Structures are given as structure tokens and as C-alpha cells.
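Working notes for the structure below.
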Amino acid sequence: MKLPASGRTAAVSAVSVVMLLTCGSIAGAAPAPAPLVAAPDIPVANVKAHLTQLQSIATANGGNRAHGRTGYKASLDYVKAKLDAAGYTTTIQQFTSSGRTGYNLIADWPGGDTGQVVMAGSHLDSVTAGAGINDNGSGSAAVLETALAVARSGYQPGKHLRFAWWGAEELGLVGSKYYVNNLSSANRARISGYLNFDMIGSPNPGYFVYDDDPAIEKTFKDYFTGLGVATEIETEGDGRSDHAPFKNAGVPVGGLFSGADYIKTAAQAAKWGGTAGQAFDRCYHSSCDTTANINDTALDRNADALAYAVWTLSA
């Protein structure tokens, strides 16, 4: 998750434009029905295996996976190779920010109505201070494993499925802004919904749901209700992650978050466990954001909720 606007500046210029299909609006639509095909359980061990790989990439590349650094490109290459092997059509979109080249990775699953596209995305870059395993290896790994689960199951949704990994989020949502700004109005209108996953394995976790589009919000809340897990409306990261450019362009958005540097209250600790009076993630934007900085239960629940929403909203 990026720093607040007051703490950063970003300069962006386009290097190349890749015209990509995108998808329709569900604003005001009735709540999504249950998926015709049940969403699979997402094995948390698989998600953690991706995190281990991202940690190894950071360790081998100066300790981070930041925009314009070798660790970011190696992270993107790792994700792309997995998706290519699974049968996705992948596209790399290139841009520049702060004098360095950045990349978005877009993966399309064949089939489905391309006039109605459901997207799930996460930012793949870390800050320069560390490996960024919770922020945002957690979201990136869960989106990747959900995409691979689509392929393993041979899922054939009614709507078209697209997954995305954004570059330079930490510099001010640069990659996702670039993507949205280079869509035609017709292609923006084809997006049925964009689902964002930024920090979903915080070590002292909360369970926060974006309250932007009512149908998407209800989908996530229904899933957690089925687990008996209470949720709260996400406010800490509002407008500070990659859903914001989509929302500003009129695309229905939603997502999940497990907390950053806000402090967990006594009431929240009573509801979710963990430690009151401590940050949800004490290693936020720090060198200690490693594979040791993950709560497995939160990662597991949020990854499964991600898959449930993808299956439900794309049916």
C-alpha cells in the first residue's frame, strides 16, 4: 500500500501503450448469485510457496522488489511464467516513473463474455526498505494462486476473467493509473468489477471489506458470514491502493484488507484475536516485512474469499 499523498511525489510519462480489452458496469445491480460452480479452496501452502519465492527474489536483488529495481522485474517474470504455463494470455504493459521503467502484468483467461470482464488485481512492487511480503506479496500471491486454480479446475465463467499485477503502486498508484488512463471509454465500460487485494496477511490481522460497490461488498461479507468471522468497513487504505483509479473512472470496485499501521483496538482484539494496542502490521514499509510477517489464518481466509468472489461475480 502506498504512502499518503503528502509523503510522496511521482512523475509519469508513457513509454508504450498496450491496448487491452476491459469490461461492463454492475453499479446498481442486484447482489450476485451464488456461483454455479463452487469456488475451490485455495491451499494456503501454495500461496505461501509463492511468498517464499518472492522473498528469495528480494534477497537475491538487494533486499527489495521495488519499482525500477531488478527484484521487481524478477518478481514479474516469476508470476508471468506461472501464468503462461497455465494457459493464460499474458501481456506486459510498460511505463516510466521517476526515471525508471515500470511494468504491469495482465493475464486473460480464455473464454467468457468479453463485454463483461471481472478483474482481480494487486500491486507487485515493494518499497525499497524491504521485501514487501505482506505489502504486497500477500495480495499478489493470493491473486496468482486463484488464477492458477481457475486453470486447474478448467473453470468456464460466463464473464471474461482478467488478473493484473501492478507496478509502482508505492510511488502513487502509477501502474494502475497508467492502465486505466489508457483504456478507451468503451473498454472501461466493459469492466463489470475490479477487485483489489493489498495486504491480506497482516500478522495482527483485522478483516476489512471495501464498501464501494454494494454487490461486491455483499459478496465478500457473505463469505465471511459463512465462516462466522465478523468484518468491518475498510477505511485505513481508502483511496491509497489500486482500486482508486478504477473507482475514479466509474468502474465498480471492491476488495479486502487486513490492516497496516493503524492500531488494533481492544474491541477488535476481542472480535478477531491478536494484540490490542499494536499495529495490524508492525513491519509496514520496513525491512522486517518478510515471510515471518504473515498470519497464516488471515492469508488463508482472504485467499479463499478472493476465489469465492471471483467465481461468484464471474458466473
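Residue numbers count from 1 along this sequence. It should be emphasised that the depicted structure is a prediction, and the values quoted were computed from it without experimental measurement. Computed over heavy atoms, backbone and side chain alike; hydrogens, waters and symmetry mates excluded.
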- prompt: Tell me, do Tyr88 and Lys82 make a side-chain contact under 4.5 Å, heavy atoms counted?
  reply: no
- prompt: Roughly how far, to the nearest 0.5 Å, is the CD atom of Gln55 from the CG atom of Asp289?
  reply: 8.5 Å
- request: Could you state whether Val37 and Leu161 fall into the same hydrophobic cluster, counting links through intermediate Ile, Leu, Val, Met, Phe, Trp or Tyr residues with side-chain heavy atoms under 4.5 angstrom apart?
  value: yes
message: Would Asn61 and Lys73 count as a side-chain contact (heavy atoms from CB on, under 4.5 Å) here? Give the steps.
response: CA-CA 10 Å; Asn61 289 276; Lys73 185 58 165 59; over 6 Å; no
- prompt: Should the ring pair Phe280 and Phe208 be called parallel, tilted or perpendicular, given that the plane angle runs from 0 to 90° and is split at 30 and 60?
  reply: perpendicular
- request: Could you pull out the closest heavy-atom pair between Pro203 and Asn293, with the gap in Å?
  value: CG-OD1, 3.1 Å
- prompt: Hey, are the side chains of Asn136 and Leu124 touching, using non-hydrogen atoms and a 4.5 Å cut-off?
  reply: no
Any donor-acceptor pair under 3.5 Å from Glu170 side chain to Met1 backbone: yes
- request: Report the distance from atom CZ of Arg301 to atom CZ of Phe224, rounding to the nearest 0.5 Å.
  value: 8.0 Å
query: Can you find a heavy atom in the side chain of Asn204 that is under 4.5 Å from one in the side chain of Asn295?
result: no
field: Pair Arg152 + Glu145, salt bridge at N-O below 4.0 Å
entry: yes
- prompt: Quick check: does any side chain N or O of Thr59 sit under 3.5 Å from a backbone N or O of Gly63, one acting as donor and the other as acceptor?
  reply: no
task: State whether a side-chain donor-acceptor pair under 3.5 Å links His123 with Asn196.
output: no
field: Of Ser241, Ser140, Ser176, the residue whose pairing with Trp166 passes side-chain contact (heavy atoms from CB on, under 4.5 Å)
entry: Ser176
task: Would you tell me whether Asn134 and Asp281 have side-chain atoms, one donor and one acceptor, within less than 3.5 Å of each other?
output: yes
- prompt: Do Thr312 and Thr219 meet the criterion of a side-chain donor-acceptor pair at a distance under 3.5 Å?
  reply: no
message: Under 3.5 Å, is there a donor on one side chain and an acceptor on the other for Ser97 and Tyr178?
response: no
task: Examine distances only and state if a side-chain atom of Asn187 and a backbone atom of Leu183 form a donor-acceptor pair shorter than 3.5 Å.
output: no
- line: Shortest non-hydrogen pair, Gly139 vs Ile200, comes out as N-CG1, 4.0 Å
query: About how many Å separate CG of Asp211 and CD of Glu217, when rounded to the nearest 0.5 Å?
result: 5.5 Å
- prompt: Can you find a heavy atom in the side chain of Asp84 that is under 4.5 Å from one in the side chain of Thr90?
  reply: yes
- prompt: Between the side chains of Thr89 and Asp108, is a donor N or O closer than 3.5 angstrom to an acceptor N or O?
  reply: no
message: Please find the pair of heavy atoms, one from Val143 and one from Phe163, that lie closest to each other, and give the distance.
response: CG1-CD2, 3.8 Å
field: Inter-residue atom distance Asn104.CG - Tyr179.OH, 0.5 Å rounding
entry: 9.0 Å
- prompt: How are the rings of Phe197 and Phe220 set relative to one another: parallel (under 30°), tilted (30 to 60°) or perpendicular (over 60°)?
  reply: perpendicular
message: Tell me whether Arg65 contacts the main-chain N or O of Ala131 through its side chain, where contact means a donor paired with an acceptor under 3.5 Å.
response: yes
- prompt: Atom OG of Ser75 and atom CG of Leu105: how far apart are they, to the nearest 0.5 Å?
  reply: 11.5 Å
query: Closest approach of Ser202 and Gly259, non-hydrogen atoms and distance?
result: OG-O, 2.6 Å
query: Please walk me through it: do Trp165 and Lys80 pass side-chain contact (heavy atoms from CB on, under 4.5 Å)?
result: CA-CA 10 Å; Trp165 291 262; Lys80 184 177 186 298; over 6 Å; no
message: Checking the side chain of Thr96 only, and the main-chain atoms of Thr101 only, is there a donor and an acceptor separated by less than 3.5 Å?
response: no
message: Please confirm whether the ring centroid of His243 lies under 6.0 Å from the ring centroid of Tyr210.
response: yes
task: Give the C-alpha distance, both sets of side-chain angles, the deciding distance and a yes or no for side-chain contact (heavy atoms from CB on, under 4.5 Å) between Ser98 and Leu171.
output: CA-CA 9 Å; Ser98 301; Leu171 299 185; 3.9 Å; yes
field: Arg188 and Val180: CA distance, side-chain angles, deciding distance, side-chain contact (heavy atoms from CB on, under 4.5 Å) verdict
entry: CA-CA 8 Å; Arg188 283 196 301 271; Val180 172; 4.1 Å; yes
query: Under the side-chain hydrogen bond (donor to acceptor under 3.5 Å, both in side chains) criterion, do Ser314 and Tyr155 qualify, and how do the steps go?
result: CA-CA 10 Å; Ser314 66; Tyr155 180 44; 3.1 Å; yes
message: Do Leu195 and Val253 make a side-chain contact, defined as non-hydrogen atoms from C-beta onward lying under 4.5 Å apart?
response: no
query: What closest approach, in Å, do Asp213 and Pro252 show between heavy atoms, and which atom pair accounts for it?
result: OD1-CB, 3.6 Å
- request: Identify whether Ile233 and Val229 are in the same connected component of the hydrophobic contact network (ILVMFWY, side-chain heavy atoms under 4.5 Å).
  value: no
query: Quick check: does any side chain N or O of Asp304 sit under 3.5 Å from a backbone N or O of Ile42, one acting as donor and the other as acceptor?
result: yes
- request: Measure up the Tyr207 and Trp272 rings against each other and bin them: parallel (under 30°), tilted (30 to 60°), perpendicular (over 60°).
  value: perpendicular
Ionic contact status for Lys48 with Asp296, cut-off 4.0 Å: yes
query: Does the side chain of Leu299 come within less than 4.5 Å of Leu51's, by heavy atoms?
result: yes
field: Donor-acceptor contact below 3.5 Å, side chain Gln53 vs main chain Tyr78
entry: no
- prompt: So do Pro40 and Trp311 actually touch side chain to side chain, heavy atoms under 4.5 Å?
  reply: yes
query: Would a distance-only check, ignoring hydrogens and angles, find a side-chain to backbone donor-acceptor pair under 3.5 Å from Ser286 to Tyr284?
result: yes
- prompt: Is the closest side-chain heavy-atom distance between Ser138 and Ile294 below 4.5 Å?
  reply: yes
message: Taking CD in Gln278 as the centre, count heavy atoms belonging to other residues, nucleotides or ligands within less than 6.0 Å. Is the count above 12?
response: yes
query: So, are Lys159 and Asp113 salt-bridged, with charged N and O less than 4.0 Å apart?
result: no
statement: Nearest heavy-atom approach of Ala107 to Leu83 is CB-CD1, 3.8 Å
- prompt: Does a side chain donor of either His67 or Glu169 reach within less than 3.5 Å of an acceptor in the other side chain?
  reply: no
- request: Could you grab the distance from atom CD1 of Ile92 to atom OH of Tyr103, nearest 0.5 Å is fine?
  value: 8.0 Å
query: Donor-acceptor pair, Ser258 side chain versus Met199 backbone, under 3.5 Å?
result: yes
